[in-house]
*Asks:* 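Here you go, one structure.
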Amino acid sequence: TNGLYDVILLLLVTYLQYTKAFPIIPREKSYRIDRSLINELRLSAEIEAQSIPRQKDPTSYISEIRSSNLAGVHSDEACSDVIVDLRAGDSVNSMVVVTGETGSGKSLLVSKVADLVTGGKLDPMLLQRPSNGQSKESTASTEMILKLFGSHISTVTSTLRYLGVDEESILGENIESMSRGALDLSLKRSVVQSSNGRTKSVCEINGQTVTLKVLKAVASPLLAIVNAPLAGMALGRPNSRMAMIDIGIPSEITETVRQLQRKYNDCRKRRESLEAELQSQVLPASMSSGGDVNEELMMHWIDELDGFEARVRSFCESISSHSSTIESPLQNRVEELEHLSWMDSDAAAPSFSSSLYRKLLDFLEALKSMDVRIEAARQAEETLGSMSNPNSARTALERTRELLLDATGSGDSEEIGDRIVQSSEKAHQLLNFVEDALIECATFLDDDRGLLANLEAERNSCAKSLEDFNEIIFEWNTLARKHGVSSFLLPTCHNSLRNQLDGNIEAKRVLPIAIEAENDALLELEEAASKLTKAREELTTRISKTISDRLPILGMENSRFEARLVPIETPTYSGSTLGVEEADFYLLHDNSKSMDGTGIVKSRGGKVESVASSGEKARILLAIECEIPGSVGALCGVSSNENVQHQAPVAVIYDEIDAHVGGRASVAVGKMLADQSQSCQIISITHSPSVAAIANKHICIQKEALSSEKGSIASATVVTGLERRKELARMAAGDMATEEAEIFADALIRDVSK
């Protein structure tokens with residue numbers, strides 16, 4: 001077999017040599033078929049494989065944004081959905097611009113839909129109630145359809161699993177396409193306002209109903225919405241600023257610190273738990289105050305409490321062993337006592353509190369109440385039917401008869417009168433009915449199925465008397481007073497005495513180990529945090545210079561940007577704060593000449609969130625994104641699932657980020673957006689023709705108002721060729737100098753295509 005293999009390989013080499021298909025082998029050199037030749041062939045194959053260009057992985061994108069009746073806007077009079085088609089054809093990376101006249105609904109149909117889908121709040125003013133009287137509800141729907149690849153699919157599936165949602169039931173038919181590395185994801189939120197003004201959301205993922213919490217958790221990490229107010233809030237939050245910085249730090253550094261921080265917090269919580277356990281040890285007052293207690297006395301106390309614990313257990317068992325099978329509240333208390341142990345604690349109490357003692361007290365009160373009720377039933381029977389009781393109903397009935405006879409009088413009917421005799425007889429007849437009812441009621445009270453019998457049967461489900469309960473509770477209280485503790489703490493005092501006698505309390509044994517582990521974890525964390533600090537310092541120094549270089553072309557001449565690290569005085573390494581510092585962003589303005597004649601340039605300004613305008617904040621955020629790609633993802637929703645790694649969003653929606661800038665600054669913003677589109681889909685809502693000309697795709701929004709009852713009709717049209725040139729001309733000059741404006745638009749398009 002080896003010889004045949006050598007012959008075949010020799011023939012192959014000879015063929016490749018003389019056809020020049022294998023130039024790495026000199027033609028004048030003869031070869032022996034040995035291991036070196038085989039290695040050379042393998043090397044050649046590797047070189048050839050590396051020379052083949054690798055196809056770039058597909059990029060996730062938003063394909064469509066849909067809405068219906070949002071602020072009364074539809075696509076036609078039939079109330080169809082307004083569809084914004086964001087697909088960029090064969091382009092892997094895309095920059096899409098959305099333009100239109102002021103008030104046409106650009107932000108409403110794009111960024112507002114994205115905000116609602118990612119869990120944003122809905123302004124009730126965006127819901128238009130039908131005026132035709134046929135419906136008492138107003139409904140608006142928003143939907144976003146995405147095409148996901150790679151890590152974005154993992155983010156969705158991991159989030160669903162983390163939230164306990166069956167991914168197969170949600171993704172359904174897409175499971176097969178996921179195996180090929182693609183996922184079509186539909187995120188939909190419909191909002192219904194009832195006639196009383198209350199609103200509710202109906203959320204769906206791929207047609208399956210989910211909660212708003214699930215929709216927000218899935219959608220938020222996939223989308224970032226940037227506008228002037230949001231940029232201001234993001235730059236004003238310390239956590240957001242540091243999150244943007246950390247995007248530019250090597251992931252192995254931040255992930256190491258995150259893991260060590262988690263490890264340190266676990267060790268700290270373990271140490272605190274052991275200390276709390278030791279502090280919860282309840283010892284007799286003489287020991288707690290530092291009294292010297294010998295071992296013999298301690299053993300006596302423990303034996304005494306051991307004996308009492310055994311008596312309590314026997315007491316509870318004797319209750320349950322004599323219990324009946326009749327279901328009743330008292331029987332339920334019997335069963336509760338049966339399942340309680342000496343060391344059971346009341347779950348509602350903040351610290352240890354004997355549940356057994358509380359149940360015994362409750363049982364005692366229940367028995368007292370039961371005895372009172374039984375006595376009341378006996379008195380009711382006696383009061384009702386006893387002839388010897390002067391206050392009974394039977395006695396009152398007989399006296400009533402006598403009074404009726406006196407009222408009727410003696411004599412014959414002629415002397416008394418027929419009417420009086422008939423009335424008297426009727427009254428006596430009714431009294432007979434009453435007497436029969438009294439006798440029946442008294443008999444029932446004393447019957448086996450009567451009230452008294454049922455009460456006594458329930459009372460008999462407990463074989464212990466009030467005196468028995470009082471005795472065991474009295475002994476419990478006496479022992480608690482003897483040791484100077486609350487009766488509710490007697491069991492834990494007993495347990496603490498046992499541990500103290502053993503001299504080997506588990507918490508005391510483990511606590512030093514836990515403290516050492518915490519200290520080791522802290523040292524390890526501090527070392528990793530120092531590396532993180534160094535990396536952050538290098539990054540902030542670099543971006544301070546590069547972002548400052550960008551500011552002049554963004555309309556901020558004589559200004560510079562500084563990212564400064566501020567050490568945290570007492571780092572806790574807890575929560576979402578990573579490392580031992582926070583980040584502050586400054587916008588400083590340098591005067592060309594000193595005011596005091598010293599020649600030293602003076603700077604004024606301050607923190608970005610305090611001194612920068614809304615437009616400046618948005619453009620600074622864009623500049624940061626260009627220097628630290630993916631940093632704008634810090635504005636996305638942060639998943640509580642630790643298995644979801646931070647990544648660039650599927651798309652970033654910039655809502656008029658270029659407002660209040662023009663000229664070179666506007667062109668610079670457009671180019672920066674185009675650069676950013678190399679890493680993710682960029683959707684820019686803009687009024688700038690310079691920005692619009694740079695985009696891969698141009699969508700124009702047009703709206704026509706119908707009436708206050710019918711709302712408005714809007715359309716989202718992809719403009720190309722002549723239509724795009726006219727739209728750019730309109731953006732540049734409106735209705736003025738249309739021919740010259742179109743020539744200018746042509747020049748913009750030609751310049752971009754160079």
Side-chain angles (χ1 to χ4, degrees), residues 56-62 86-89 91-99 110-111 114 146-152 221-228 230-231 234-235 240-241 243-249 539 542-543 546-551 553-556 561 563 585 615-636 646-659 661 664-688 690-699 752:
K56 185 175 180 180
D57 292 336
T59 304
S60 302
Y61 60 90
I62 303 173
L86 299 172
R87 287 169 290 194
S91 177
V92 176
N93 305 105
S94 67
M95 174 182 168
V96 182
V97 292
V98 181
T99 65
V110 178
S111 64
L146 302 92
K147 189 78 171 182
L148 303 184
F149 301 95
S151 60
H152 290 122
L222 303 178
L223 303 171
I225 306 169
V226 182
N227 52 37
L230 185 62
L235 294 173
S240 294
R241 294 194 296 269
M244 287 188 280
I245 293 293
D246 284 344
I247 298 301
I249 304 297
L539 179 64
R542 177 177 64 82
I543 66 171
T546 54
I547 293 176
S548 295
D549 293 341
R550 289 180 181 268
L551 294 186
I553 63 173
L554 291 175
M556 289 180 274
F561 173 84
F585 294 161
E616 288 173 335
K617 292 173 184 176
R619 296 195 294 278
I620 289 173
L621 192 65
L622 177 59
I624 295 173
E625 170 63 23
C626 289
E627 295 301 325
I628 310 176
S631 60
V632 75
L635 305 182
C636 297
H646 180 84
Q647 59 188 338
V650 171
V652 182
I653 300 174
Y654 287 104
D655 193 348
E656 299 189 13
I657 194 175
D658 54 348
V661 297
R664 290 182 303 160
S666 182
V667 174
V669 169
K671 290 181 177 179
M672 292 166 70
L673 291 173
D675 291 342
Q676 190 182 346
S677 70
Q678 298 304 308
S679 59
C680 67
Q681 185 183 38
I682 298 299
I683 303 167
S684 176
I685 302 169
T686 182
H687 286 282
S688 169
S690 301
V691 173
I694 296 175
N696 303 96
K697 187 170 187 175
H698 190 155
I699 297 174
V752 170

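Excluded from the calculations below are hydrogen atoms, water molecules and symmetry mates; all remaining heavy atoms, backbone and side chain alike, are included.
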*Asks:* To the nearest 0.5 Å, how far apart are CG in L539 and CD in E627?
*Replies:* 9.5 Å
*Asks:* Pick out which of S60, P221, C680 makes a side-chain contact (heavy atoms from CB on, under 4.5 Å) with V650.
*Replies:*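 Looking at S60, P221, C680, the match for V650 under the side-chain contact (heavy atoms from CB on, under 4.5 Å) is S60.
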*Asks:* Could you tell me whether the side chain of S111 and the main chain of D655 form a donor-acceptor pair under 3.5 Å?
*Replies:*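 Checking the backbone N and O of D655 against the side chain of S111, no donor-acceptor pair under 3.5 Å is found.
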*Asks:* Between L86 and I699, is any pair of side-chain heavy atoms under 4.5 Å apart?
*Replies:* yes
*Asks:* Please round to the nearest 0.5 Å and tell me the distance separating atom CG of D675 and atom CE of M95.
*Replies:*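 Here the rounded value is 10.0 Å.
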*Asks:* Looking only at non-hydrogen atoms, find the nearest pair between F561 and I543 and report the distance.
*Replies:*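 Of all heavy-atom pairs spanning F561 and I543, the closest is CD2-O, 4.1 Å.
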*Asks:* Which heavy atom of S679 sits nearest a heavy atom of T59, and at what distance?
*Replies:*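 So the minimum-distance heavy-atom pair works out to O-CG2, 4.4 Å.
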*Asks:* Whether the side chain of K697 engages the backbone of R87 through a donor-acceptor N/O pair (distance < 3.5 Å, no angle test) should be reported.
*Replies:*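 The answer is yes, because a donor-acceptor pair under 3.5 Å joins these two groups.
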*Asks:* Identify the heavy atoms of I245 and I628 that sit nearest to each other, and give their distance.
*Replies:* CA-CD1, 4.4 Å
*Asks:* I need the minimum non-hydrogen distance between H152 and P649, along with the two atoms involved.
*Replies:*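 Taking every non-hydrogen atom into account, NE2-C, 3.8 Å.
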*Asks:* If the condition is side-chain hydrogen bond (donor to acceptor under 3.5 Å, both in side chains), which residues does S548 pass it with, not counting sequence neighbours?
*Replies:*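 S548 satisfies side-chain hydrogen bond (donor to acceptor under 3.5 Å, both in side chains) with no residue once adjacent residues are dropped.
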*Asks:* At what distance, to the nearest 0.5 angstrom, does CZ of R619 lie from CD1 of I657?
*Replies:* 8.5 Å
*Asks:* Could you tell me which non-hydrogen atom of L554 sits nearest to which non-hydrogen atom of A665, and how far apart they are?
*Replies:* C-CB, 3.5 Å
*Asks:* Using a 4.5 Å cut-off on heavy atoms from C-beta on, say whether the side chain of S688 contacts that of V669.
*Replies:*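 The answer is no; the side chains never approach within 4.5 Å.
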*Asks:* Under the rule for side-chain hydrogen bond (donor to acceptor under 3.5 Å, both in side chains), what residues qualify as partners of D549, not counting sequence neighbours?
*Replies:*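 D549 satisfies side-chain hydrogen bond (donor to acceptor under 3.5 Å, both in side chains) with K545 once adjacent residues are dropped.
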*Asks:* Check for a donor-acceptor pair, side chain of S94 on one end and backbone N or O of V96 on the other, with a separation under 3.5 Å.
*Replies:*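 Looks like no, no N/O pair under 3.5 Å.
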*Asks:* May I ask you to check whether Y654 and Q676 show a side-chain donor-acceptor distance below 3.5 Å?
*Replies:*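 Indeed, the side chains of Y654 and Q676 share at least one donor-acceptor pair under 3.5 Å.
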*Asks:* Quick one: OG on S684 to CG on L622, what's the gap to the nearest 0.5 Å?
*Replies:*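 So the OG of S684 and the CG of L622 are separated by 9.0 Å.
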*Asks:* Can you tell me how far CD1 of I547 sits from CD1 of I624, rounded to the nearest 0.5 angstrom?
*Replies:* 5.0 Å
*Asks:* Taking all atoms of both residues into account, what is the closest heavy-atom pair of I694 and K671, and its distance?
*Replies:*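 The answer is CD1-N, 3.6 Å.
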*Asks:* Kindly determine whether M244 and L235 satisfy side chain to side chain contact (heavy atoms under 4.5 Å, CB included), including the steps that lead there.
*Replies:* CA-CA 10 Å; M244 287 188 280; L235 294 173; 3.7 Å; yes
*Asks:* Taking it one step at a time, do V226 and I653 satisfy side chain to side chain contact (heavy atoms under 4.5 Å, CB included)?
*Replies:* CA-CA 6 Å; V226 182; I653 300 174; over 6 Å; no
*Asks:* Within the side chain of Q681, is there an N or O that forms a donor-acceptor pair under 3.5 Å with the backbone of I62?
*Replies:*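 Checking the backbone N and O of I62 against the side chain of Q681, a donor-acceptor pair under 3.5 Å is found.
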*Asks:* Measure from the side-chain N and O atoms of R550 to the backbone N and O of A623, and report whether any donor-acceptor pair falls under 3.5 Å.
*Replies:*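 Side chain of R550 to backbone of A623: no pair is present.
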*Asks:* Nearest 0.5 Å, what's the CD1-CE distance between I682 and M672?
*Replies:*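 Interatomic distance, I682 CD1 to M672 CE, rounded to 0.5 Å: 11.5 Å.
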*Asks:* Distance only, no hydrogens: is a donor on one side chain within 3.5 Å (strictly under) of an acceptor on the other, for H687 and T99?
*Replies:* no
